[in-house]
Enquirer: 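Quick one: structure below, then a few questions.
Naming: A, B, ... by sequence-line order, numbering from 1 per chain.
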Amino acid sequence: MSARKQERQTKSESDFFHNVYEVVRLIPVGRVTSYGAIASYLGSKRGARMVGWALGNSYLHEGVPAHRVVNKAGVLTAKLLFETPTTMEDRLADEGVEVSNDQIQNLDKYFWDPDKELS
DNA sequence: GGTATGACTGTAT
DNA sequence: GATACAGCCATAC
């Protein structure tokens, strides 16, 4: 229906950004998710790059635990964007997530799927 | 308005 | 099994 298109136009500001921040904030402590999971939840399965890109700007938005967002392999791809290369894994470790060599251990155990948790 | 880029993901070779 | 390429969506120049 055209209603959907109209709705999107109304929120054409950057609903994708806002949605990303909202979802990331909802990630429970000690849990992590992937860009693809968020993108899929937002309706763009292939929009994972946008999620990462959006989070790249999230450093301007406080309250957005970007350190809880990693790629599907559980690798801390964004650690280099933090204040220090160890900030990301240090924060995750502090939350109880096992991180080793820039990669989350037992990812399946800590993985948080917004599509399932927020359904 | 077209081109380039990006914290990704999946398929193909 | 690992590497290479393409796809996909949105923003910036």
Side-chain angles (χ1 to χ4, degrees):
Chain A
M1 295 305 187
S2 61
R4 184 175 63 182
K5 184 177 181 181
Q6 190 171 34
E7 184 179 358
R8 289 179 72 182
Q9 286 188 319
T10 304
K11 299 175 65 179
S12 64
E13 290 292 322
S14 44
D15 57 312
F16 207 90
F17 273 53
H18 204 261
N19 276 322
V20 171
Y21 302 143
E22 289 286 304
V23 175
V24 174
R25 284 182 197 166
L26 292 174
I27 300 174
V29 176
R31 287 279 190 277
V32 297
T33 190
S34 68
Y35 307 100
I38 296 173
S40 180
Y41 176 71
L42 297 180
S44 301
K45 183 185 175 188
R46 306 297 173 193
R49 294 164 116 175
M50 270 78 270
V51 175
W53 191 86
L55 285 175
N57 287 266
S58 73
Y59 73 95
L60 299 172
H61 302 252
E62 293 183 14
V64 182
H67 61 275
R68 291 181 193 147
V69 184
V70 297
N71 68 4
K72 201 173 185 183
V75 180
L76 280 56
T77 50
K79 60 171 259 172
L80 295 173
L81 301 180
F82 281 76
E83 297 177 22
T84 69
T86 57
T87 301
M88 193 170 183
E89 62 181 274
D90 188 56
R91 271 184 153 179
L92 288 171
D94 187 56
E95 296 182 354
V97 180
E98 296 178 62
V99 182
S100 179
N101 194 24
D102 305 335
Q103 188 167 354
I104 295 176
Q105 307 301 307
N106 304 317
L107 180 61
D108 185 58
K109 175 181 172 184
Y110 300 109
F111 194 78
W112 181 81
D113 190 342
D115 191 38
K116 292 181 180 178
E117 301 295 333
L118 302 178
S119 58

Enquirer: Under the salt bridge (Lys or Arg N to Asp or Glu O under 4.0 Å) test, which residues partner R25(A), sequence neighbours left out?
Expert: E22(A)
Enquirer: Could you run through nucleotides 8-13 of chain B and give me one letter per nucleotide, 5' to 3': B if any protein heavy atom sits under 4.0 Å from the base, S if only the sugar-phosphate is that close, - if neither?
Expert: BSS---
Enquirer: With the side chain of V69(A) defined as its heavy atoms from C-beta on, choose the nearest nucleotide among dA7(B), dT11(C), dA10(C).
Expert: dA7(B)
Enquirer: Closest heavy-atom contact between A48(A) and A39(A)?
Expert: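 Residues A48(A) and A39(A), closest heavy atoms: N-CB, 3.5 Å.
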Enquirer: Distance-only criterion, 3.5 Å: show the donor-acceptor pairs between side-chain atoms of residues 27-34 of chain A and protein atoms not counting sequence neighbours.
Expert:
from   : atom 1 : to      : atom 2 : distance (Å)
T33(A) : OG1    : W112(A) : O      : 2.8
S34(A) : OG     : A37(A)  : N      : 3.2

Enquirer: Show the nearest heavy-atom pair for residues T84(A) and T87(A), with the distance to one decimal.
Expert: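 Minimum heavy-atom contact is OG1-OG1, 2.6 Å.
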Enquirer: Within this structure, what is the CG-to-C1' distance between L55(A) and dT11(C), rounded to whole angstrom?
Expert: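 These atoms are roughly 14 Å apart.
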Enquirer: Base, sugar-phosphate, or nothing for A39(A), non-hydrogen atoms under 4.0 angstrom?
Expert: nothing
Enquirer: Side chains of Y21(A) and N57(A): does their closest heavy-atom pair fall under 4.5 Å?
Expert: yes
Enquirer: Are Y110(A) and L92(A) close enough that some pair of their side-chain heavy atoms sits under 4.5 Å apart?
Expert: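 Side-chain contact under 4.5 Å: no.
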Enquirer: In whole angstroms, how far is the P atom of dT5(B) from the CG atom of N57(A)?
Expert: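 So the two atoms are 17 Å apart, to the nearest Å.
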